[in-house]
Engineer: 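Would you mind keeping the following structure in view while I ask a few things?
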Amino acid sequence: MNISKTYQPKEAEEKWYSYWLEHKFFKSVPDEREPYTIVMPPPNVTGVLHMGHMLNNTIQDVLIRRARMKGKNACWVPGTDHASIATEAKVVAMLKERGITKKDITRDEYMKYAWEWKEKYGGIILEQLKKLGASCDWDRTRFTMEHDLSEAVFDTFIHLHKKGLIYRGVRMVNWDPIGKTGVSDEEVIRKEVNQKLYYIRYKVVNGELSEGSELPTTHHSPLTTHYLTVATTRPETIMADAAICINPNDERYTHLHGKKVLIPLINREIPVILDEYVSMDFGTGCLKVTPAHDLNDYELGQKHNLPVIDILNDDGTLNENAKILVGEDRFAARKKIVVLLETDGYLEKVEDYKSQIGFSERTDAVIEPKLSMQWFCKMEELAKPALDYVLEGEIKLIPEKFVNTYRHWMENIRDWCISRQLWWGQQIPAWYLPDGQYVVAKTREAAYGEAKNLRSHPSADGSNLKAEDLVQDEDVLDTWFSSWLWPISVFDGFKDPNNDDINYYYPTNDLVTAPEILFLWVARMIMAGNEFRDEVPFKNVYLTGVVRDKLGRKMSKSLGNSPDPLDLMKKYGADGVRVGMLRSSPAGNDLMFDESHCEWGRNFFNKIWNASRLIKGWTVDKDLKNNNRVAIDWFESKFSEALVEIEGNFAQYRISEALMSTYKLVWDNFCSEYLEMIKPGYQLPIDADTYGVTVSFLENILKILHPFMPFISEELWHDDLFGKRAEYDCCIVAQLPTYGKINAQLLDEMEIIKQVITKIKNIRNNKQISQKEILSLSVKENPTITYKTIPYKNYELIIKKLGNISDLNIVSEKLNGAISFMVSTDEFYVPFEENLDPVAEITRLQKEKEYLVGFLRSVNSKLENERFMSSAKPAIIEVELKKKADTESKLRILEESLSSLAN
RNA sequence: GGGAGUUUAGCUCAGCUGGUUCAGAGCAUCUGCCUUACAAGCAGAGGGUCACUGGUUCGAACCCAGUAACUCCCACCA
């Protein structure tokens with residue numbers, strides 16, 4: 001035999017992937033078959049394949065390949081997401097390398113560069129997915145910013161605006177004063193930082209001291225009526241204060257109710273307001289309210305109708321509103337104002353304080369909360385039906401535990417801020433008139449038409465508005481505002497709502513994604529599905545776990561703890577990595593990734609490789625008769641049993657369990673057991689019947705392996721073993737085997753036989769008898785209530801071969817001078833006169849006896865318990881009675897053995 | 001602070017309807033084997049207070065309550 005001892009994946013992977021592509025096996029067009037559809041969560045165009053993608057897409061590929069092999073019309077739609085923020089960062093970096101800054105070029109010029117970048121780098125990840133074996137219909141590859149998908153975004157924006165669900169409003173954004181842009185929450189890195197907590201005194205107007213009287217400069221209690229003390233980490237923002245807030249229940253401050261105070265240094269008068277939001281036990285219990293520079297303060301300000309005084313410029317310096325320190329950077333201003341406050345006696349004390357501060361991921365600038373005008377989408381109305389779909393089970397979340405989280409989020413949903421201060425993305429289709437009014441329309445022309453309608457209102461100033469006067473909103477839409485349409489838009493469900501594709505493929509079947517984006521994406525897709533098609537977008541959502549390293553840390557670029565998937569695939573083969581990932585990642589459970597998993601996968605496919613090498617090496621003798629009927633019947637039953645199990649696992653999305661069932665069937669039942677049973681002796685031929693059946697077993701095994709390990713299964717499928725295959729006869733499109741009858745009795749009996757063989761091997765191990773030494777075996781049958789004696793003679797060949805036994809004798813009397821062992825209630829003897837150590841034998845039997853006695857005691861105690869007898873189900877009692885009888889019978893045999901040894 | 005979850009062998013995890021398929025798998029460890037498919041292998045072995053405390057039950061890894069530790073999501077106290 002000249003085939004390699006190990007399977008070399010690289011060549012086969014390339015060969016078969018292009019073969020599949022050439023023969024269009026991934027392609028799907030609507031037909032009369034039942035569809036099975038998955039839309040891929042579109043990876044970012046900036047993305048490179050990481051372990052999370054690997055897990056995700058492996059699961060999708062397993063599902064899609066399985067569906068294909070079940071005769072469904074399987075369609076897996078790939079694509080990429082334009083990822084405004086991430087891509088913008090990449091483009092800006094590329095421009096910087098070329099010496100260009102964004103603000104020096106026009107939006108159009110910028111977009112040209114951005115598209116250039118996208119065309120060059122944007123498809124990398126999809127190419128990488130091909131290495132994994134992803135069987136997507138690549139002809140259907142979509143991109144969230146391509147023309148039709150953008151049109152869908154504009155249309156839905158206009159639709160929702162018309163419906164009153166989209167509005168403009170002020171919102172606090174994370175402002176990066178170095179990048180001079182808003183950044184999303186995800187781009188803010190929170191770090192714990194040592195800070196100072198400054199205690200600042202505010203004079204109370206009409207306090208007991210008259211205005212203008214000197215403040216004491218010595219240390220003083222904050223509870224004086226002359227002034228109140230506020231604790232803050234940001235003293236430079238006092239000029240933006242709009243109020244001081246205290247808890248109405250705070251008895252220390254009842255005298256301040258209705259009072260006013262003066263902001264130190266600038267002496268602006270602000271009210272003392274009451275709100276239970278303020279905690280009495282933090283700081284001094286007095287909170288300075290600065291609506292322009294703190295989100296909570298903003299909300300408090302809204303509630304109490306406070307003015308918003310913004311004292312910061314976009315670059316983080318103080319503006320005119322601050323009155324003092326104008327033009328100073330916020331941090332310089334902080335130092336200076338502390339000095340000023342101290343000099344004038346407003347600073348009571350300074351304490352060290354630790355708190356979390358947000359930093360910009362990209363510039364490392366301290367994030368400044370900043371108010372700005374944004375677009376919002378109302379959520380409540382959209383959320384309700386989306387929640388019902390899940391609660392009523394029309395959409396299943398797997399695992400189910402996420403339903404609670406989902407409900408909690410949907411019931412407490414906040415409006416969605418959909419605008420972003422970026423250029424890369426769909427520009428908001430809103431157009432401003434010179435007077436500040438706006439219209440929403442897809443094109444300038446349409447907007448002009450709308451605007452003229454506005455203008456036709458008698459109070460407006462007439463018709464001299466020109467189309468060029470309209471200015472489109474500068475911002476783009478949140479990326480999720482396009483991806484929430486994904487399951488519909490990939491089938492052109494907006495452009496052409498009644499086309500064949502959407503009618504056939506939608507709603508899709510399964511969505512496989514990470515739990516982190518359950519709200520950001522999954523929930524919103526459900527809303528969009530309901531809103532725009534009055535239907536769910538998918539029936540099942542499989543939520544994967546997070547891929548972590550051995551130490552449980554999330555894999556990330558910055559930690560450098562993520563292996564390169566491409567390297568892994570080179571090392572262990574795509575098949576090895578696929579099953580390595582799947583093995584220990586049930587839905588919703590994090591995956592502690594370790595390369596040893598891939599090694600396991602590699603060993604697995606190598607085992608199959610070698611099994612086929614073995615079969616291939618056999619020569620067939622047509623004149624031989626088939627002696628292996630028992631083994632064959634047994635494996636057929638075992639195979640059917642495994643199929644049922646695997647089917648059940650898949651039905652419950654227990655994919656790693658399905659893989660393990662497959663693994664055990666292949667490695668244990670097929671390789672270790674079946675093949676060993678039928679294997680002819682060295683250089684001996686095999687009968688034609690057994691050979692044919694075995695080859696067909698192998699073929700069926702390749703089929704059930706295929707969804708997990710597509711490459712090696714396809715490679716072996718085309719092996720000479722199976723004769724010459726037709727061009728389109730491929731494993732990828734083979735139909736999964738269907739299961740036949742399961743002979744339960746045969747399966748049970750074989751379990752006993754396996755135990756007998758194991759015991760024989762144990763004896764060899766214990767007595768240091770070589771595998772090559774032939775032994776003899778006798779059995780004394782002893783049927784009991786539970787254990788019928790099995791027809792050992794039927795299994796004689798198997799026992800002889802696997803145990804290396806010369807002859808199997810059924811005896812009626814105990815055999816002396818032999819090592820004995822018991823399987824179920826039958827006793828076996830291996831004659832072994834020399835070296836038989838009766839003492840050791842007695843000890844062994846004594847130990848077994850002890851165990852049985854204890855076991856019998858526990859059984860008896862149950863049976864003697866009246867309450868057990870009266871309340872347990874009859875079937876349970878039955879079992880206990882059998883246990884009792886069998887154990888007693890076993891004990892009798894043991895006693896006999898012991899007494900014979902004692903002689 | 002609100003919500004969800006996890007805790008079973010050294011590690012990663014199964015254990016589905018409470019009861020002999022109930023304490024299991026793989027890796028790791030140990031022992032013996034280069035036995036003509038596979039040392040990426042074969043044959044075996046050891047290893048457990050099912051986090052803790054109570055409760056329900058004839059019977060609990062499983063159901064209930066409490067405690068502890070950890071994880072994730074959301075909101076974050078100036």
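Chain naming here is simple, since letters A, B, ... match the order of the sequence lines and numbering starts at 1 in each.
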Engineer: Any chance the side chains of A:T233 and A:Q195 put a donor and an acceptor closer than 3.5 Å?
Structural biologist: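 No.
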
Engineer: For A:F604, report the nucleic acid contact type (base, sugar-phosphate, nothing); a contact means any heavy atom under 4.0 Å.
Structural biologist: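 The answer is nothing, as A:F604 stays clear of every strand by at least 4.0 Å.
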
Engineer: With rounding to whole Å, what would you report as the distance between B:A23 and B:G47 at their P atoms?
Structural biologist: 15 Å

Engineer: For A:V879, report the nucleic acid contact type (base, sugar-phosphate, nothing); a contact means any heavy atom under 4.0 Å.
Structural biologist: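 It contacts nothing in the nucleic acid.
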
Engineer: Suppose we define a pair by two distances each less than 3.5 Å, Watson-Crick or G-U wobble; what does B:U71 pair with here?
Structural biologist: B:A4

Engineer: When you compare the side chains of A:E751 and A:Q755, does any donor N or O come within less than 3.5 Å of an acceptor on the partner?
Structural biologist: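 Side-chain D/A pair, A:E751 to A:Q755: absent.
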
Engineer: Against A:Y7, only a single residue in A:F605, A:F604, A:Y572, A:F711 fulfils ring-ring contact (aromatic ring centres under 6.0 Å, His included); can you say which?
Structural biologist: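 So, applying the ring-ring contact (aromatic ring centres under 6.0 Å, His included) to A:Y7 and each of A:F605, A:F604, A:Y572, A:F711, only A:F605 qualifies.
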
Engineer: What's A:S871 touching, base or sugar-phosphate or nothing? Going by heavy atoms closer than 4.0 Å.
Structural biologist: base

Engineer: Mind checking A:N606 for me? I need base, sugar-phosphate or nothing, with any heavy atom below 4.0 Å counting as a touch.
Structural biologist: base

Engineer: If you measure from the P atom in B:C50 to the same atom in B:C11, how many Å do you get, rounded?
Structural biologist: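 Nearest-Å result for B:C50 against B:C11 at atom P: 16 Å.
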
Engineer: Can you tell me how far P of B:C27 sits from CZ of A:R602, to the nearest Å?
Structural biologist: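 The answer, rounded to whole Å, is 13 Å.
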
Engineer: Taking any heavy-atom pair under 4.0 Å as a contact, classify A:D594: base, sugar-phosphate, or nothing.
Structural biologist: nothing

Engineer: Do A:L274 and A:I246 pass the side chain to side chain contact (heavy atoms under 4.5 Å, CB included) test, and can you show the C-alpha distance, the side-chain angles, and the key distance before you say yes or no?
Structural biologist: CA-CA 5 Å; A:L274 306 174; A:I246 54 177; 3.5 Å; yes

Engineer: For the pair A:R654 (side chain) and A:G648 (backbone), establish whether a donor and an acceptor sit closer than 3.5 Å, ignoring hydrogens and angles.
Structural biologist: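 Absent.
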
Engineer: Give a yes/no answer on whether the side chain of A:N404 brings an N or O atom under 4.0 Å of OP1 or OP2 in B:G3.
Structural biologist: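 So the side-chain polar atoms of A:N404 never come under 4.0 Å of the phosphate oxygens OP1 or OP2 of B:G3.
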
Engineer: Taking atom C1' in both B:A9 and B:G15, what distance in whole Å separates the two?
Structural biologist: 14 Å

Engineer: According to a strict under-4.0 Å criterion, is A:R867 in side-chain N/O contact with OP1 or OP2 of B:C58?
Structural biologist: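 Answer yes for this pair, as a side-chain N or O of A:R867 is under 4.0 Å from OP1 or OP2.
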
Engineer: Rounded to whole angstrom, note down the P distance from B:C64 over to B:U56.
Structural biologist: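 Taking atom P in both B:C64 and B:U56, they lie 15 Å apart.
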
Engineer: Take A:M750 and A:M677 through the side chain to side chain contact (heavy atoms under 4.5 Å, CB included) test and state the conclusion after the steps.
Structural biologist: CA-CA 12 Å; A:M750 192 62 91; A:M677 290 177 198; 3.9 Å; yes

Engineer: When the distance from CD of A:E645 to C1' of B:A25 is rounded to whole Å, what number comes out?
Structural biologist: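 Checked: the CD to C1' distance equals 12 Å.
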
Engineer: Fit a plane to each ring of A:W521 and A:W480, take the angle between them on a 0 to 90° scale, and name the class: parallel (under 30°), tilted (30 to 60°) or perpendicular (over 60°).
Structural biologist: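 A:W521 and A:W480: tilted rings.
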
Engineer: Say whether A:N860 and A:R857, considering side chains only, have a donor N or O and an acceptor N or O under 3.5 Å apart.
Structural biologist: no

Engineer: Indicate whether OP1 or OP2 belonging to B:C38 is found under 4.0 Å from a side-chain N or O atom of A:K5.
Structural biologist: yes

Engineer: Please give me every residue in residues 666-679 of chain A whose heavy atoms get under 4.0 Å of an atom in RNA chain B, ordered by residue number.
Structural biologist: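 Of all residues in residues 666-679 of chain A, the ones placing a heavy atom under 4.0 Å from RNA chain B are A:W667, A:C671, A:E676, A:K679.
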
Engineer: Choose from B:C58, B:G3, B:A37 the nucleotide whose nearest atom is closest to any side-chain atom of A:H408.
Structural biologist: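 Closest nucleotide to the A:H408 side chain: B:G3.
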
Engineer: Please state the P separation for the pair B:A61 and B:U21 - nearest whole angstrom.
Structural biologist: 15 Å

Engineer: Take atom P in B:G10 and the same atom in B:A75, then report the distance between them in whole Å.
Structural biologist: 40 Å

Engineer: Using whole Å, what does the distance between atom P of nucleotide B:G5 and atom OH of A:Y406 come to?
Structural biologist: 17 Å

Engineer: Which part of the nucleic acid, if any, lies within contact of A:T290, taking any heavy atom under 4.0 Å across all strands shown: a base, the sugar-phosphate backbone alone, or nothing?
Structural biologist: nothing

Engineer: Dump the pairs, protein N or O against N or O of nucleotides 31-34 of chain B, anything under 3.5 Å, distances to one decimal.
Structural biologist:
none

Engineer: For the residue pair A:W667 and A:Y663, does the interplanar ring angle fall in the parallel (under 30°), tilted (30 to 60°) or perpendicular (over 60°) class?
Structural biologist: tilted

Engineer: Over all strands shown, is A:R407 touching base, sugar-phosphate only, or nothing at heavy-atom distances under 4.0 angstrom?
Structural biologist: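 Result for A:R407 = nothing.
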
Engineer: Ignoring hydrogens and angles, answer whether the base of B:C58 and the side-chain atoms of A:K862 contain a donor-acceptor pair closer than 3.5 Å.
Structural biologist: no

Engineer: Could you state the CD-C1' distance from A:Q683 to B:U36, rounded to the nearest angstrom?
Structural biologist: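 Whole-Å distance recorded here is 8 Å.
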
Engineer: Measure from NZ on A:K873 to P on B:G59 and round the result to the nearest Å.
Structural biologist: 15 Å

Engineer: For nucleotides 12-17 of chain B, just jot down a letter per nucleotide in 5' to 3' order: B, S or -, based on protein non-hydrogen atoms under 4.0 Å.
Structural biologist: SSSSS-

Engineer: Just do the side chain to side chain contact (heavy atoms under 4.5 Å, CB included) check on A:I263 and A:Y202 with the steps written out, would you?
Structural biologist: CA-CA 6 Å; A:I263 297 174; A:Y202 286 57; 4.3 Å; yes

Engineer: Establish, with yes or no, whether the OP1 or OP2 oxygen of B:G59 is under 4.0 angstrom from a side-chain nitrogen or oxygen of A:N865.
Structural biologist: no

Engineer: Between the side chains of A:S661 and A:N649, does any donor sit under 3.5 Å from an acceptor?
Structural biologist: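 The criterion, which ignores hydrogens and geometry beyond distance, is satisfied for A:N649 and A:S661.
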
Engineer: Rounded to whole Å, how long is the line connecting atom CG of A:N296 with atom P of B:C76?
Structural biologist: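 It works out to 5 Å between those atoms.
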
Engineer: Among A:R330, A:K288, A:R334, find the one that has a salt bridge (Lys or Arg N to Asp or Glu O under 4.0 Å) with A:E236.
Structural biologist: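 Exactly one option meets the salt bridge (Lys or Arg N to Asp or Glu O under 4.0 Å) with A:E236, and it is A:R334.
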
Engineer: In whole angstrom, what separates A:N804's CG from B:C42's C1'?
Structural biologist: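 About 15 Å, once rounded to whole Å.
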
Engineer: Could you work out the separation of B:G46 and B:A28 based on their C1' atoms and round it to a whole Å?
Structural biologist: 13 Å

Engineer: Check the pair A:K571 / A:E595 against salt bridge (Lys or Arg N to Asp or Glu O under 4.0 Å), numbers first and verdict last.
Structural biologist: CA-CA 10 Å; A:K571 206 162 155 194; A:E595 276 200 30; 3.1 Å; yes

Engineer: Need one value for A:K607: base, sugar-phosphate or nothing, where a base atom within 4.0 Å counts as base even if backbone is also close, heavy atoms only.
Structural biologist: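 Since a base atom lies under 4.0 Å of A:K607, the category is base.
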
Engineer: Rounded to whole angstrom units, what separation is found between the CD1 atom of A:I367 and the P atom of B:C76?
Structural biologist: 15 Å

Engineer: What's the gap between B:A14 and B:C38 when it is taken at their C1' atoms, as a whole Å value?
Structural biologist: 28 Å

